[in-house]
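Note sheet for the following structure.
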Number of protein chains: 2
Amino acid sequence: MATGRTHRPATRSRGIPEATVARLPLYLRALTALSERSVPTVSSEELAAAAGVNSAKLRKDFSYLGSYGTRGVGYDVEYLVYQISRELGLTQDWPVVIVGIGNLGAALANYGGFASRGFRVAALIDADPAMAGKPVAGIPVQHTDDLEKIIDENGVSIGVIATPAGAAQPVCDRLVAAGVTSILNFAPTVLSVPDGVDVRKVDLSIELQILAFHEQRKAGEEAEAQAGAAAAPAERGNDDKGPDGDVPAVMPA
Amino acid sequence: MATGRTHRPATRSRGIPEATVARLPLYLRALTALSERSVPTVSSEELAAAAGVNSAKLRKDFSYLGSYGTRGVGYDVEYLVYQISRELGLTQDWPVVIVGIGNLGAALANYGGFASRGFRVAALIDADPAMAGKPVAGIPVQHTDDLEKIIDENGVSIGVIATPAGAAQPVCDRLVAAGVTSILNFAPTVLSVPDGVDVRKVDLSIELQILAFHEQRKAGEEAEAQAGAAAAPAERGNDDKGPDGDVPAVMPA
DNA sequence: CGTTGTGAAACACTTCACAGCA
DNA sequence: TGCTGTGAAGTGTTTCACAACG
């Protein structure tokens with residue numbers, strides 16, 4: 001996962017577990033694909049496969065939303081798309097600003113997945129005066145000086161930070177002061193925000209580091225297996241990282 | 001989510017919990033910053049603050065690695081940097097290929113956070129013949145046709161997919177067939193891979209959708225509080241004397 | 001002292017397994 | 001009959017709280 005929370009869940013939603021919320025977009029994506037293929041209904045088994053989870057989890061997740069299925073049949077695709085969209089708040093329009101229009105900011109501005117889900121890039125903001133006025137993804141870049149005005153005039157409550165690490169906290173502070181209450185942070189730094197403001201982060205290098213950890217472990221296991229260990233190879237592995245392996249670092253006493 | 005499961009007692013195995021592994025890069029980043037400021041030691045409290053977690057969790061996490069602290073003093077910064085790096089496998093060089101050199105791929109190629117942590121962009125690959133030979137981030141783009149050869153010659157085991165959704169699975173299949181065993185997927189699609197291959201995904205729009213969910217909830221609470229109205233329809237059974245029932249958060253009346 | 005390291009308790013999430021309904 | 005919805009059991013994670021120790 002690529003993400004983190006800053007402080008308490010505060011209100012534990014309407015009883016919907018955070019883990020479930022995090023999967024709703026996944027279900028929505030799978031359902032949207034089915035909808036485009038005009039599939040009328042889908043079973044928990046099929047939908048789960050399409051979303052990459054197991055069916056018991058999916059049914060449990062849906063049970064938090066309500067009883068939207070029909071026993072013996074499955075779920076109505078269109079209806080479920082609507083219910084999940086509503087639950088996620090995607091039936092309304094969310095104006096978003098992206099701050100920091102470098103490579104990543106530009107990629108985000110161009111990313112089609114936003115517009116198609118109720119997110120509208122209301123403005124692009126960058127500190128470089130040379131960028132001002134230059135269109136990126138068809139939207140003219142504006143200067144940081146006008147940040148507060150832009151937030152205010154567009155009623156923006158969600159901000160995306162794609163600046164260098166050093167600029168992230170000051171930008172964050174200004175966004176929050178201007179009324180933004182949700183922030184998606186791509187800068188590799190910990191942001192501190194007041195209570196009531198949500199921060200999620202995406203750190204590209206963290207994901208790679210986690211992969212490297214498992215990759216290293218695989219290599220260790222191979223070597224070990226080769227060395228003659230019997231090591232029962234797990235039947236039925238889903239996605240599985242074997243237990244031990246790897247050179248002993250320190251045996252915790 | 002590419003997470004593993006360790007069935008089997010694992011009594012003595014030094015299995016580090018997945019949640020802990022996911023935080024190690026965070027600690028490492030904080031420690032690196034301290035190291036650059038030549039701070040010699042740090043307490044769990046200070047380091048936890050810098051990493052954005054609480055100190056008990058941090059100590060517990062470190063306890064899985066070994067006893068690297070000194071009671072009454074704290075942790076030696078340099079030593080801890082080394083231990084965590086080693087644990088994550090960052091003391092070795094990881095050649096990585098990026099497939100799909102659009103906006104996002106280019107952003108990734110330019111991202112400094114990789115190189116600084118043992119990841120080396122060994123090659124950039126794109127299906128567009130017009131891109132071939134064009135340097136991005138100083139690295140010439142190569143054509144998809146040569147994918148297998150590139151993987152093989154560079155001993156690549158980690159691949160990054162930044163292609164459009166439709167191209168992701170075929171690219172994934174080829175990467176895996178060529179020997180890649182860890183994949184970081186930016187395409188908004190579920191990849192299926194054989195056992196033994198790790199996939200982690202980063203979906204930009206999913207993060208925004210999660211924010212929208214919470215944002216909507218905030219707005220709802222506000223309105224509710226203001227209207228002093230009693231709660232929502234709540235069309236679902238949910239009796240169960242479950243954990244803590246519904247959370248206060250909203251002061252009704 | 002002050003801070004780590006860690007059992008034990010609390011909590012969160014997942015999976016099982018099957019009753020109940022269309 | 002086939003599939004949903006869900007208690008209950010199982011597993012993983014966080015937090016508490018304090019003994020151990022430099």
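Each chain gets a letter, A, B and so on, in the order its sequence line appears, and its residues count up from 1.
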What is the distance from atom CG of A:L175 to atom CD1 of A:I158, rounded to the nearest 0.5 Å?
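That separation rounds to 12.0 Å.
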Spacing of [X] atom [atom1] relative to [N] atom [atom2], expressed in whole Å:
X: A:L47; N: D:dC3; atom1: CG; atom2: P; value: 14 Å
X: B:D76; N: D:dG22; atom1: CG; atom2: P; value: 17 Å
X: B:L80; N: C:dT4; atom1: CG; atom2: P; value: 11 Å
X: A:E18; N: C:dC11; atom1: CD; atom2: P; value: 18 Å
X: B:F62; N: D:dT15; atom1: CZ; atom2: P; value: 16 Å
X: B:K60; N: D:dT13; atom1: NZ; atom2: C1'; value: 10 Å
X: B:E46; N: C:dT3; atom1: CD; atom2: P; value: 8 Å
X: A:Y64; N: D:dT6; atom1: OH; atom2: P; value: 10 Å

Donor-acceptor pair, side chain of [X] and main chain of [Y], under 3.5 angstrom:
X: A:Q216; Y: B:E87; value: yes
X: A:T32; Y: A:L28; value: yes
X: A:N185; Y: A:T189; value: yes
X: B:Q209; Y: B:S205; value: yes

Near DNA chain D, counting only heavy atoms under 4.0 Å, which residues of residues 29-36 of chain A show up?
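Heavy-atom cutoff 4.0 Å gives no residues at all.
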For DNA chain D, which residues in residues 48-59 of chain A have a heavy atom at a distance below 4.0 Å?
A:R59
Please state whether the phosphate of [N], meaning OP1 or OP2, lies under 4.0 angstrom from any side-chain nitrogen or oxygen of [X].
X: B:Y75; N: C:dG5; value: yes
X: B:S43; N: C:dT3; value: no
X: B:S44; N: C:dT3; value: no

Please check if any side-chain donor atom of B:D61 sits under 3.5 Å from a side-chain acceptor atom of B:T20, or the reverse.
yes
Greater than 12 external heavy atoms within 6.0 Å of A:Q169's CD
yes
Do B:L184 and B:V96 have side chains that get closer than 4.5 Å, going by heavy atoms?
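Not touching, per the 4.5 Å side-chain cut-off.
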When you get a sec, tell me which of D:dT13, D:dA8, D:dC3 is the closest nucleotide to the side chain of A:R71?
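Minimum distance to the A:R71 side chain belongs to D:dC3.
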By nearest atom, which of the nucleotides C:dT14, D:dT6, C:dA22 is closest to the A:T70 side chain?
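Output: C:dA22.
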Nearest heavy atom decides the nucleotide; on that basis, is A:T20 or A:V73 closer to the 5' end of DNA chain C?
A:T20
Check each of B:L34, B:T70, B:L58 against B:Y75 using the side-chain contact (heavy atoms from CB on, under 4.5 Å) test, and report the only one that passes.
B:L58
